[in-house]
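Pasting a structure below so you can have a look.
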Amino acid sequence: MFNGGEKMINAGIIVNMDKSGSLELTKEMVEWFESNGNNVLLMEQTAISINRQDIGYAKIDLYKKSDILFVIGGDGTLLRVAREVAAIGIPILGINMGHLGFIAEVEVKDIFSSLRKVLNNDYKIEERMMIEASIYRQSSIVKRFYALNDICFTKGALSRIIKLDTYVNDEYVNTYNADGLLISTPTGSTAYSLSAGGPIVCPNVNVMIITPICSHSLSSRAIIVSKNDVICVDAFDNDDSVYLTADGQEGYRLWQDDKVYIKRSSFTAKFIKVSNLSFYDVLRTKLKG
């Protein structure tokens, strides 16, 4: 039951309902929070699924009313939620029901001891750098994306390489002839960028990483640039379509004359840490296979 030494919170729970066992865990968490004197907020569809319509909210209302978000799913779910709440600044505790789970802090077996730590204020908040990509068409911004992991440029349906002129602070860097190009954050350095041959970067080192995907030149290598730099990618010399994706989840087809400017975002993703595991501890555990 509620302990006077603990704080009461409005606990927002976001659930990937496609994950096996996620709704059962949600029910247990709702009961646990309420038995400890806390308010719980669920997405409307989740609330209907567990027959608790009384605590169901529209997404924007849930985000505005929650003190902390508890996200049940994998890293993909966390990436989406982090983008959606970045401007609001709500701290997030990730509960891993995926596979690798680099971003998710808590495994299911440790969930209730971790929730107790949150109520006892026994946690830290780790801020992760995000980036924003602005698409310019005829000198006007037509679309803007935010990303916690990466902004990716890839080719269209046909199996052709793409040519991407790349600049840093308006200074020409290289024309990448490749299957694609990644602009990654340190958080994204252990995601697609790592598979493409990019370096692993500690999350507290605020930089951006330019990594070609399957470059057709042996001299093309990943480049690390400052958090204060502005990267420009110009895909004008391509017969086929070029697509931009943010965190592998939001996509946009570029026109030939589009220029994309990528820089550090003024928003950060705020993640709750309840364990004493360092980044290197997690790295050893997740990559040992």
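Atom set for the values below is all heavy atoms of this structure, side chains included, hydrogens, waters and symmetry mates excluded.
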* Does the separation of the ring centres of Y57 and Y63 fall below 6.0 angstrom? ->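 No, the ring centres sit 6.0 Å or more apart.
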
* Asked: Could you give the distance from CD1 (I103) to CG (N149), rounded to the nearest 0.5 Å?
  ->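 If we round to the nearest 0.5 Å, I103:CD1 and N149:CG are 5.0 Å apart.
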
* Do the non-hydrogen side-chain atoms of K263 and I231 ever get within less than 4.5 Å of each other? ->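 With C-beta onward as the side chain, the pair stays apart.
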
* How close do G73 and N16 get, heavy atom to heavy atom, and via which atoms? ->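 Heavy atoms only, the tightest pair is CA-CB, 4.2 Å.
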
* Do K124 and E126 meet the salt-bridge criterion of a basic N to acidic O distance under 4.0 Å? -> no

* Sidechain N-carboxylate O distance under 4.0 Å for K27, E31 -> no

* **Ion pair check, K59 and E84, cut-off under 4.0 Å** => yes

* To do: Please answer whether the main-chain N or O of W32 pairs with a side-chain N or O of S35 as donor and acceptor at a distance below 3.5 Å.
  =>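 At least one qualifying donor-acceptor pair exists.
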
* To do: Please confirm whether the backbone N or O of E107 pairs with a side-chain atom of N96, one donor and one acceptor, at under 3.5 Å?
  => no

* Asked: So, Q256 side chain and A235 main chain: donor-acceptor pair closer than 3.5 Å or not?
  ->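 Here the side-chain-to-backbone pair does not exist.
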
* Indicate yes or no for a side-chain donor-acceptor contact from D247 to the backbone of D150 under 3.5 Å, with no hydrogens or angles considered. =>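 Checking the backbone N and O of D150 against the side chain of D247, a donor-acceptor pair under 3.5 Å is found.
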
* Any chance you could measure Y280, atom OH, to T285, atom OG1, to the nearest 0.5 Å? => 14.5 Å

* Structure fact -> All heavy atoms of A246 vs all of Y146, minimum pair found to be CB-O, 3.7 Å

* **Approximate separation, where rounding is to 0.5 Å, of S265 OG and E132 CD** =>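 Between atom OG of S265 and atom CD of E132 there are 5.0 Å.
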
* If you measure from CG on N206 to CZ on R128, what distance do you get to the nearest 0.5 Å? ->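 Here the rounded value is 10.5 Å.
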
* Short N-O contact, R52 and E34, less than 4.0 angstrom ->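 Yes, charged N to carboxylate O under 4.0 Å.
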
* Are the aromatic ring centres of Y252 and Y243 under 6.0 angstrom apart? -> no

* To do: Take S189 and S184, measure what side chain to side chain donor-acceptor pair (under 3.5 Å) needs, and give me the verdict at the end.
  => CA-CA 6 Å; S189 73; S184 308; over 6 Å; no

* Atom pair CE/CG of M17 and L23 - distance to nearest 0.5 Å -> 6.0 Å

* Does a sphere of radius 6.0 Å around OH in Y192 hold more than 12 heavy atoms from other residues, nucleotides or ligands, not counting ones at 6.0 Å or beyond? ->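 Atom OH in Y192 is not crowded, with 12 or fewer foreign heavy atoms closer than 6.0 Å.
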
* So, the side chain of D229 versus the backbone of S226: is there a donor-acceptor pair under 3.5 Å, distance only? ->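 Checked: pair present.
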
* Closest non-hydrogen atom pair between D281 and N276, with its separation -> OD2-O, 4.3 Å

* Asked: With no hydrogens and no angle check, is any side-chain donor or acceptor of N120 less than 3.5 Å from a backbone partner on K117?
  -> no

* Asked: So, E250 and R83, do they make that salt bridge, N to O below 4.0 Å?
  ->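 Result for this pair is yes, salt bridge flagged.
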
* Using distance alone, with no hydrogens and no angle criterion, decide if N174 and T166 have a side-chain donor and acceptor under 3.5 Å apart. =>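 N174 vs T166: no donor-acceptor pair found between side chains.
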
* **Matching residue for D258 among Q138, R137, K143 - test: side chain to side chain donor-acceptor pair (under 3.5 Å)** => R137

* To do: Look at the side chain of S66 and the backbone N and O of L69, then say whether any donor-acceptor pair between them is shorter than 3.5 Å.
  => no

* **Atom pair OG (S22) and CD1 (I72), whose distance is rounded to the nearest 0.5 Å** => 7.0 Å

* Between K155 and D179, is the closest basic N to carboxylate O distance under 4.0 Å? -> yes

* Worked check of side-chain contact (heavy atoms from CB on, under 4.5 Å) between V274 and I272 -> CA-CA 6 Å; V274 294; I272 289 177; 3.9 Å; yes

* Pairing residues for N39 by the side chain to side chain donor-acceptor pair (under 3.5 Å) criterion, not counting sequence neighbours ->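 Checked N39 against side chain to side chain donor-acceptor pair (under 3.5 Å); matches are N10.
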
